[in-house]
Amino acid sequence: MAAVVFRHFHHCLPLLPPAPLSLPSLSPQCSIHLPSSRPRTRAFSVSSSSSPASSPMDHSQKFMEFPFVSAPHRDLMVDLVSMIETRLDSQLGPDTLPPDVKYYHNQSGTAQATLHSRSGRSSSQVDFILGSWLHCNLPTGGALNITSISAYLKASTDAPNFLIELIRSSPTSLVLILDLPPRKDLILHSEYLKTFYEDTQLDSLRQTLFKLPEVQLYFSPQLYIRCVVSPTAIVIKIDTDAAGAGRIEEIIKDHISSAAKEALRIWLDQCACGERSVGEEERTYLEKRDELIKKRTIEIDLEKSLPRLFGPDVANRVIGVLREIYAV
């Protein structure tokens with residue numbers, strides 16, 4: 001499931017202003033040893049445009065700043081990125097995105113975003129890691145903030161991918177999507193269901209969060225999105241209007257953070273660093289399935305949403321780089 005980069009904010013688009021037509025460290029490896037080798041090389045083109053407020057050196061740091069969200073929200077995202085890069089760093093190449101894709105904004109400065117990507121080395125089961133944040137001022141007041149991390153595996157394994165996305169349109173409202181999206185049919189492959197979802201007790205994370213009175217189910221407006229998440233997916237909305245913004249920060253710090261870190265730990269142990277035997281026919285199936293999902297992400301969400309927020313020039317530049325990352 002190609003999750004990152006704001007695929008759930010299409011339902012917020014009516015709130016957004018139209019865009020103008022044109023816009024001028026290193027730590028332990030996995031428990032299995034994978035020898036290092038050169039990462040995949042992509043020839044990203046670099047545009048001459050850049051943020052007037054930021055130098056190219058700043059761009060590489062902006063993703064980890066998460067400047068528009070609360071301290072508990074920021075701490076969670078930084079911790080998750082650190083968990084991934086600490087565990088998998090030797091398996092990942094550097095972030096080689098162009099500066100004007102690492103950080104980009106619209107002409108008026110009302111919308112800005114970052115993108116962070118590290119590709120797996122040839123010896124790694126990791127295809128790539130993708131992270132992002134987006135901030136957009138709303139005409140009605142307030143702002144839309146989305147932070148995302150997703151991790152994709154190669155067809156050398158059939159293990160699930162990883163996804164987390166937090167969407168905030170007010171200080172007292174939060175949508176959380178946390179999942180290990182399956183890459184095989186769970187009805188046809190009961191062993192897969194048992195290995196990754198039953199034996200890991202992933203559903204206990206969802207059950208614990210639903211004990212909170214502020215938590216309710218969130219239904220994506222797109223049926224397609226509902227089809228590709230797992231049966232243990234945490235897809236919830238949290239409203240704390242009565243208790244105020246402080247309560248939602250408590251929930252992030254005391255409940256969401258632990259659930260997200262446990263889900264990521266399971267993914268790192270069982271998926272990214274687990275050994276799975278994949279035959280040639282199954283590998284071909286996985287490659288085709290992964291490609292279709294990545295294409296759908298771009299066609300359904302990004303090609304509609306990014307031009308509205310950033311204008312066609314910036315949107316085309318970012319989508320072009322994403323197509324190279326997704327290899328579609």
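Side chains included, hydrogens not; waters and symmetry mates left out as well; all remaining heavy atoms used.
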Knowing that exactly one of Arg118, Lys102, His116 qualifies, which makes a side-chain hydrogen bond (donor to acceptor under 3.5 Å, both in side chains) with Asp95?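 The single option meeting the side-chain hydrogen bond (donor to acceptor under 3.5 Å, both in side chains) with Asp95 is His116.
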
[atom1] of [X] to [atom2] of [Y]: how many Å apart, nearest 0.5 Å?
X: Ile167; Y: Ile146; atom1: CD1; atom2: CD1; result: 5.0 Å
X: Thr114; Y: Lys62; atom1: OG1; atom2: NZ; result: 9.0 Å
X: Asp179; Y: Leu163; atom1: CG; atom2: CG; result: 6.0 Å
X: Gln222; Y: Arg296; atom1: CD; atom2: CZ; result: 8.5 Å
X: Lys154; Y: Glu287; atom1: NZ; atom2: CD; result: 11.5 Å
X: Lys261; Y: Leu205; atom1: NZ; atom2: CG; result: 13.5 Å

Shortest non-hydrogen contact between [X] and [Y], atoms and distance:
X: Ser169; Y: Leu138; result: O-CD1, 4.2 Å
X: Val126; Y: Leu92; result: CG1-CD2, 3.9 Å
X: Tyr192; Y: Ala159; result: OH-C, 3.5 Å
X: Ala151; Y: Asn161; result: O-CB, 3.1 Å
X: Leu153; Y: Pro160; result: CD1-O, 3.4 Å
X: Leu202; Y: Phe196; result: CD1-O, 3.4 Å

Could you walk me through whether Leu309 and Thr110 satisfy the side-chain contact (heavy atoms from CB on, under 4.5 Å) test, starting with their C-alpha distance in whole Å, then the side-chain angles of each, then the deciding distance to 0.1 Å, before giving a yes or no? CA-CA 9 Å; Leu309 285 171; Thr110 57; over 6 Å; no

Heavy atoms from other residues, nucleotides or ligands near [atom1] of [X] exceed 12 (cutoff 6.0 Å):
X: Leu217; atom1: CG; value: yes
X: Gln201; atom1: CD; value: no
X: Lys237; atom1: NZ; value: no

Taking the side chain as every heavy atom from C-beta outward, state whether [X] and [Y] have any atom pair closer than 4.5 Å.
X: Leu166; Y: Leu76; answer: yes
X: Tyr326; Y: Val321; answer: no
X: Ser156; Y: Arg283; answer: yes
X: Leu212; Y: Ile238; answer: no
X: Thr232; Y: Leu180; answer: no
X: Arg168; Y: Ile252; answer: yes
X: Gln270; Y: Asp199; answer: no
X: Pro98; Y: Arg317; answer: no

Checking Leu88 against Cys273 for the side-chain contact (heavy atoms from CB on, under 4.5 Å) test, could you report, in this order, the C-alpha distance in whole Å, the side-chain angles of both residues, the deciding distance, and whether it holds? CA-CA 9 Å; Leu88 302 178; Cys273 298; 4.0 Å; yes

Residues Lys294, Glu291: salt bridge by 4.0 Å N-O rule: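 Salt bridge: no.
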
Is any side-chain N of the basic residue among Arg265 and Asp269 closer than 4.0 Å to the acidic one's carboxylate O?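 Yes, Arg265 and Asp269 are salt-bridged.
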
Connecting only ILVMFWY residues whose side-chain heavy atoms lie within less than 4.5 Å of each other, what is the rest of Tyr285's hydrophobic cluster?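 Answer for Tyr285: Val278, Leu286.
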
Under the rule for salt bridge (Lys or Arg N to Asp or Glu O under 4.0 Å), what residues qualify as partners of Asp75, not counting sequence neighbours?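 Scan of Asp75 (salt bridge (Lys or Arg N to Asp or Glu O under 4.0 Å), adjacent residues dropped) gives none.
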
Applying ring-ring contact (aromatic ring centres under 6.0 Å, His included), name anything that partners His135, two or more places apart in sequence or on another chain.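 For His135, the residues satisfying ring-ring contact (aromatic ring centres under 6.0 Å, His included) (neighbours in sequence not counted) are Phe68.
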
Only counting residues at least two apart or in another chain, list the ones meeting ring-ring contact (aromatic ring centres under 6.0 Å, His included) with Tyr197.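 Residues passing ring-ring contact (aromatic ring centres under 6.0 Å, His included) with Tyr197: none at all.
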
Taking only residues two or more places apart in sequence or in another chain, which ones pass side chain to side chain contact (heavy atoms under 4.5 Å, CB included) with Glu191?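 If we apply the side chain to side chain contact (heavy atoms under 4.5 Å, CB included) test to Glu191, skipping adjacent residues, the hits are Thr195, Arg276.
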
Please list, chain by chain and in numerical order, all residues satisfying side chain to side chain contact (heavy atoms under 4.5 Å, CB included) with Pro231, sequence neighbours excluded.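 Side chain to side chain contact (heavy atoms under 4.5 Å, CB included) check on Pro231 returns Leu186, Leu193.
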
With respect to Glu303, which candidate in Arg323, Lys295, Arg308 satisfies the salt bridge (charged side-chain N to carboxylate O under 4.0 Å, His left out) definition?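 Going through Arg323, Lys295, Arg308 one by one, the salt bridge (charged side-chain N to carboxylate O under 4.0 Å, His left out) with Glu303 is satisfied by Arg323 alone.
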
Any donor and acceptor pair, going by atom type alone, linking the side chain of Ser257 with main-chain N or O of Asp254 inside 3.5 Å?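 Not a single qualifying donor-acceptor pair exists.
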
Donor-acceptor contact below 3.5 Å, side chain Arg247 vs main chain Ala242: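 No.
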
What do the steps show when you test Leu130 against Leu322 for side-chain contact (heavy atoms from CB on, under 4.5 Å), and what is the final call? CA-CA 10 Å; Leu130 198 61; Leu322 285 170; 4.1 Å; yes

Test of understanding: clusters of I, L, V, M, F, W, Y form through side-chain heavy atoms closer than 4.5 Å, transitively. Do Trp133 and Val78 belong to the same one?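 Result: yes, single cluster for both.
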
Would you please test Ile251 and Val215 for side-chain contact (heavy atoms from CB on, under 4.5 Å) and show each step? CA-CA 10 Å; Ile251 292 174; Val215 171; 5.5 Å; no

